[in-house]
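To start, the structure under review is shown below, and the notes come after it.
The structure displayed is predicted, hence computed values, not measured ones.
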Amino acid sequence: DHRDLHSFPTRRSSDLVLIAYLAVAITAFNRKPADQTCRDMELVIKDTAYAGFITKEELKGILQQKGIYPIGKKMERISTKSLERELSKHPLIDEAECYKTPSGKVCVEVTQRIPILRVMSANGQNYYLDNKGTIMPPEAKCVAHRVIVTGNVEKSFAMKDLYKFGVFLHNNKFWDAQIEQIHVLPDQNIELVPRVGDHLVYLGKLENFEDKLARLKEFYKKGLNRVGWNKYSRINLEFDMPSRGIIGLRTNVLTASAGEAIMAHRFKEYQPHKGEIERRTNGSMIAMESGTAFAYAIDKLQDRGKFFIFP
């Protein structure tokens, strides 16, 4: 115990020396030369791979017009908050961050709004939809190819439902590369035009679009990779089907399509029993007697079965 009492002041003195050293170092680092003048301004524009809306010359022009261009001014009189506030007013800037360096330079980092969809509505409206779900002016020059939305597009529908779908496509490399156009039908059902393949994809309503596209990707892998991407003209993703509803369906589909159709399905979830599946009554049609048959006499009967009859 006696030894500990003598060693305590020694550690305390070491702590005081370390604190004093840090205080001196911070003070020396923050000390600025008297009357230091801003000699340079470094401009960094982020997200130029997706958006090329803003140029460095335009940013300089904004600051010069407002009388707050920093070069040549005293560093102590330059307000970085004022720079950020004026730049953030630009409709194509999402965020601006400004700071000073000890060497007399002002750094400005600007984050642009990223477009995710290009809307060209049937009512004449033409605009971009950005990653925050807000409207961007059509005169903005986008350097990246964005998915085009056509058809009956209302702004409220675009800013809510299509925005969520657009964010999903933008964040998914496969679908961002595959989907070229979104067409909105009058009832707000969706058709997709892919970049690869000579077919349309009928998505239906935007509910559960992630699950629908997962099924489509499965169909691409197991179906179109075998028969070719230009085999079909239309793929429908609108419906979910219970497993018991698939039993016996494959044979009927192959017969109806002369062996050309391909079925692909995947498990989704368990659900409560929904009742019996409506089916047509199965049976056979047998002629009661032999004789001559006329075309108009069997016209409606052909919908109910196949006839083995010679002209």
Please tell me if the side chains of [X] and [Y] come closer than 4.5 Å, counting only heavy atoms from C-beta onward.
X      : Y      : result
Arg39  : Thr37  : no
Gln112 : Lys46  : no
Tyr202 : Leu237 : no

Test Leu192 against every option in Ile182, Leu200, Val147 by the side chain to side chain contact (heavy atoms under 4.5 Å, CB included) rule and name the one that passes. Ile182
side-chain hydrogen bond (donor to acceptor under 3.5 Å, both in side chains) involving Thr134 - partner list, sequence neighbours excluded: Arg113, Asp130
By side-chain hydrogen bond (donor to acceptor under 3.5 Å, both in side chains) - contacts of Glu191 (at least two apart): Arg234
Decide whether [X] and [Y] are clustered together by the hydrophobic rule: side chain heavy atoms of Ile, Leu, Val, Met, Phe, Trp, Tyr closer than 4.5 Å, transitively.
X      : Y      : result
Ile235 : Leu185 : no
Ile116 : Met159 : yes
Val196 : Leu216 : yes
Phe219 : Val193 : no
Ile148 : Ile135 : no

[X] and [Y]: which non-hydrogen atoms are nearest, and at how many Å?
X      : Y      : result
Asp176 : Arg195 : O-NH1, 3.2 Å
Arg146 : Pro115 : CD-O, 3.0 Å
Pro194 : His199 : CD-O, 3.1 Å
Trp175 : Asn172 : N-OD1, 3.1 Å
Leu87  : Ala96  : CB-CB, 3.9 Å
Gln181 : Thr150 : NE2-OG1, 2.8 Å

How many angstroms lie between [atom1] in [X] and [atom2] in [Y], if you round to the nearest 0.5 Å?
X      : Y      : atom1 : atom2 : value
Leu213 : Leu203 : CG    : CG    : 6.0 Å
Glu84  : Ser82  : CD    : OG    : 9.5 Å
Lys105 : Gln36  : NZ    : CD    : 12.5 Å
Leu129 : His170 : CG    : NE2   : 12.0 Å
Leu83  : Cys107 : CG    : SG    : 11.5 Å

Under 3.5 Å, which donor-acceptor pairs do the side chains of residues 161-169 form with other protein atoms, sequence neighbours left out?
residue	atom	partner	partner atom	Å
Tyr163	OH	Asn131	O	3.1

N/O donor-acceptor pair under 3.5 Å between [X] side chain and [Y] backbone:
X      : Y      : answer
Asp94  : Thr111 : no
Lys73  : Ile78  : no
Arg118 : Asn126 : no

Distance alone, cut at 3.5 Å: any donor-acceptor contact between the side chains of Ser88 and Glu95? no
Report the C-alpha distance between Lys155 and Gln125 in whole Å, list the side-chain angles of each, state the deciding distance to 0.1 Å, and finish with yes or no for side-chain contact (heavy atoms from CB on, under 4.5 Å). CA-CA 9 Å; Lys155 282 189 176 181; Gln125 294 179 341; 3.6 Å; yes
Worked verdict on Lys89 versus Glu86 for salt bridge (charged side-chain N to carboxylate O under 4.0 Å, His left out): CA-CA 5 Å; Lys89 292 179 181 179; Glu86 290 301 328; 3.3 Å; yes
Pair Phe157-Val149, side-chain contact (heavy atoms from CB on, under 4.5 Å): steps then yes or no: CA-CA 12 Å; Phe157 179 69; Val149 183; over 6 Å; no
Residue of the set Lys222, Arg215, Lys221 for which salt bridge (charged side-chain N to carboxylate O under 4.0 Å, His left out) holds with Glu218: Lys222
Let's go through Phe174 and Lys217 carefully: what are the C-alpha distance in whole Å and the side-chain angles of both, what is the deciding distance for side-chain contact (heavy atoms from CB on, under 4.5 Å) to 0.1 Å, and is it a yes or a no? CA-CA 9 Å; Phe174 177 81; Lys217 191 173 183 179; 4.2 Å; yes
Intermediate values then yes/no, side-chain contact (heavy atoms from CB on, under 4.5 Å), Val110 and Val44: CA-CA 6 Å; Val110 171; Val44 178; over 6 Å; no
Does Lys60 qualify as a cation-pi partner of Tyr69, given the criterion of NZ or CZ under 6.0 Å from the six-membered ring centre and within 45 degrees of its axis? no
Surrounding NZ of Lys66 (heavy atoms of other residues, nucleotides or ligands, distance under 6.0 Å), is the total greater than 12? no
